[in-house]
Amino acid sequence: MYADSSNGDYRQTSDLQTPVISSTGPHCTLIFWYHMSGFTVGTLQVLLRHKNITHVVWYQTGNQGNRWRRAEVFLGLSNDFQVVFRAKRGISYMGDVVIDDVSFQDCSPVLPSNQPCTSEQFACANGHCIPHHNLCDFINHCGDNSDENPFICKGFSGRCNFEFDLCSWRQCRHDNFDWLIKAGSTPTVGTGPSSDHTLRDPSGHYLYLESSFPQAVGDTARVTGPLLSKRSSQCK
């Protein structure tokens, strides 16, 4: 499937969208291959549309060479949404946007169980059972976010989604510049995400490095985590 840049004007768009997807599982991932070659290739975006709200979750801009490239977009657990591929034309006809082999992996919704949770499982507030190792990993495995409850996750040292601050992490005073908390796209076009990983929308925050001026080659920025008194064999 391709968007022919011989048609349309600069920055005009062409959308290809799925039907409404009623429900997905916590590990749902969109996988596709794309080809963007030419002097004036525009932009390819993947957007999620829920009711009247649409936001970008992945994008690529400009000439990516005469080769196919693989892309993965984490969707996670969602309900009643559409996936939209949007091609945005460049300044001339020299650069089509092409996609192929689109698939959805691990997208089956979580099914409720009639059996009680075992000792190796966490009992979600909605009655679902999930493995204990899925607790507090910033993925909504339960479907009601009870596995990401702040009171449960309080004991997970070093855990932080950077929505409000650095949590237990600290800026190093002996480096050249600092890590920054940001929501939405990064200031330099084409160098960062359009949304965070936690909320997966432009309102969510993440930690990033701004490598533009006045930063120079070899400059470093460090954040240090809390002191871990002992290390579990299952630490990751």
Side-chain angles (χ1 to χ4, degrees), residues 1-5 7-38 40-65 68-91 95-107 138-140 161-163 179-212:
M1 185 68 70
Y2 78 106
D4 187 355
S5 60
N7 301 315
D9 296 320
Y10 175 54
R11 296 189 66 81
Q12 286 190 329
T13 60
S14 176
D15 287 359
L16 178 68
Q17 63 188 33
T18 66
V20 175
I21 300 172
S22 59
S23 181
T24 57
H27 295 288
C28 184
T29 303
L30 167 68
I31 298 175
F32 64 96
W33 291 80
Y34 66 96
H35 191 284
M36 298 172 65
S37 179
T40 59
V41 175
T43 300
L44 173 62
Q45 297 175 323
V46 177
L47 306 95
L48 296 186
R49 177 179 294 154
H50 177 69
K51 297 181 179 179
N52 295 324
I53 300 175
T54 301
H55 63 272
V56 177
V57 293
W58 181 95
Y59 70 95
Q60 186 63 268
T61 299
N63 185 2
Q64 302 301 309
W68 286 97
R69 296 179 180 270
R70 187 177 186 270
E72 288 190 14
V73 182
F74 178 74
L75 302 177
L77 195 152
S78 299
N79 297 290
D80 301 323
F81 71 102
Q82 291 175 283
V83 175
V84 181
F85 286 97
R86 175 169 294 171
K88 188 177 295 185
R89 188 183 185 274
I91 60 175
D96 297 335
V97 174
V98 187
I99 62 172
D100 201 3
D101 293 335
V102 178
S103 63
F104 293 85
Q105 293 191 5
D106 301 320
C107 291
F138 300 112
I139 297 177
N140 180 14
N161 60 14
F162 307 110
E163 289 302 322
W179 288 77
L180 304 172
I181 294 177
K182 183 75 173 66
S185 300
T186 51
T188 307
V189 176
T191 62
S194 55
S195 62
D196 75 328
H197 178 267
T198 313
L199 303 180
R200 301 195 305 279
D201 69 45
S203 68
H205 294 77
Y206 55 86
L207 203 62
Y208 90 108
L209 286 176
E210 178 55 62
S211 58
S212 302

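Bear in mind that the values here come from a model prediction, so they are computed numbers and not experimental data. Position 1 is the first residue of the sequence; numbering continues from there.
The shortest distance between side-chain heavy atoms of C28 and L77 does not fall below 4.5 Å. Looking at R69 and W33, their side chains never come closer than 4.5 Å, going by heavy atoms from C-beta outward. Side-chain contact between F104 and I31 is absent, with no heavy-atom pair separated by less than 4.5 Å. Counting only heavy atoms from C-beta outward, the side chains of W68 and V98 approach each other to under 4.5 Å. With contacts defined as side-chain heavy-atom distances shorter than 4.5 Å, the pair K88/Q12 does not qualify. Side-chain atoms of I181 and L207, non-hydrogen and from C-beta on, do get closer than 4.5 Å to each other. By the 4.5 Å heavy-atom criterion applied to side chains, N79 and F81 are not counted as neighbours. Using a 4.5 Å heavy-atom cutoff, the side chains of D96 and V41 are not in contact.
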inquiry  = side chain to side chain contact (heavy atoms under 4.5 Å, CB included), that's the test. Do I99 and L16 meet it? Break it down for me.
reply    = CA-CA 10 Å; I99 62 172; L16 178 68; 3.9 Å; yes

**OP:** Before giving the answer on side chain to side chain contact (heavy atoms under 4.5 Å, CB included), spell out for V46 and F85 the whole-Å C-alpha distance, their side-chain angles and the decisive distance to 0.1 Å.
**Re:** CA-CA 5 Å; V46 177; F85 286 97; 3.8 Å; yes

Q. For E163 and T198, what are the C-alpha separation, side-chain angles and deciding distance, and is it a side chain to side chain contact (heavy atoms under 4.5 Å, CB included)?
A. CA-CA 9 Å; E163 289 302 322; T198 313; 4.1 Å; yes

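Side-chain atoms of R86 do not come within 3.5 Å of backbone N or O of S14 as any donor-acceptor pair. For the pair Q82 (side chain) and T18 (backbone), a donor-acceptor distance under 3.5 Å is present. Formation of a donor-acceptor pair under 3.5 Å by the T29 side chain with backbone atoms of H27 is found in this model. With H55 contributing its side chain and R200 its backbone, the two residues share a donor-acceptor pair below 3.5 Å. In this structure, the side chain of Q45 does not engage the main chain of L47 through any donor-acceptor pair within 3.5 Å. In terms of modelled atom types and a separation under 3.5 Å, the side chain of E210 and the main chain of Y208 share no donor-acceptor contact. S195 places no side-chain N or O within 3.5 Å of a backbone atom of V57 that could act as its donor or acceptor partner.
Atom CG in L48 sits 6.5 Å away from atom OG in S78 (nearest 0.5 Å). The distance from the OG1 atom of T186 to the CG atom of L180 is 11.0 Å, given to the nearest 0.5 Å. We find the OH-CH2 distance between Y206 and W179 to be 12.0 Å, quoted to the nearest 0.5 Å. Rounded to the nearest 0.5 angstrom, M36 CE and N63 CG are separated by 8.5 Å. Expressed to the nearest 0.5 Å, how far CG of L30 lies from OG of S103 amounts to 7.0 Å.
Nearest heavy-atom pair, S185 versus K182, reported as atom, atom and distance to 0.1 Å: O-NZ, 2.8 Å. Shortest non-hydrogen contact noted between S203 and A183 is O-CB, 4.1 Å. Of all heavy-atom pairs between L199 and G204, the closest is CD1-CA, 3.7 Å. Smallest separation of non-hydrogen atoms from P26 and N140: CB-O, 3.5 Å.
For H197 and F74, the gap between ring centers is short of 6.0 Å.
Using bins of under 30°, 30° to 60° and over 60° for the plane-to-plane angle, the ring pair Y34/F32 lands in the tilted bin.
Partners of T43 according to the side chain to side chain donor-acceptor pair (under 3.5 Å) rule, which considers only residues two or more places apart in sequence or in another chain, are T61. T54 pairs by the side chain to side chain donor-acceptor pair (under 3.5 Å) definition with R49, not counting sequence neighbours.
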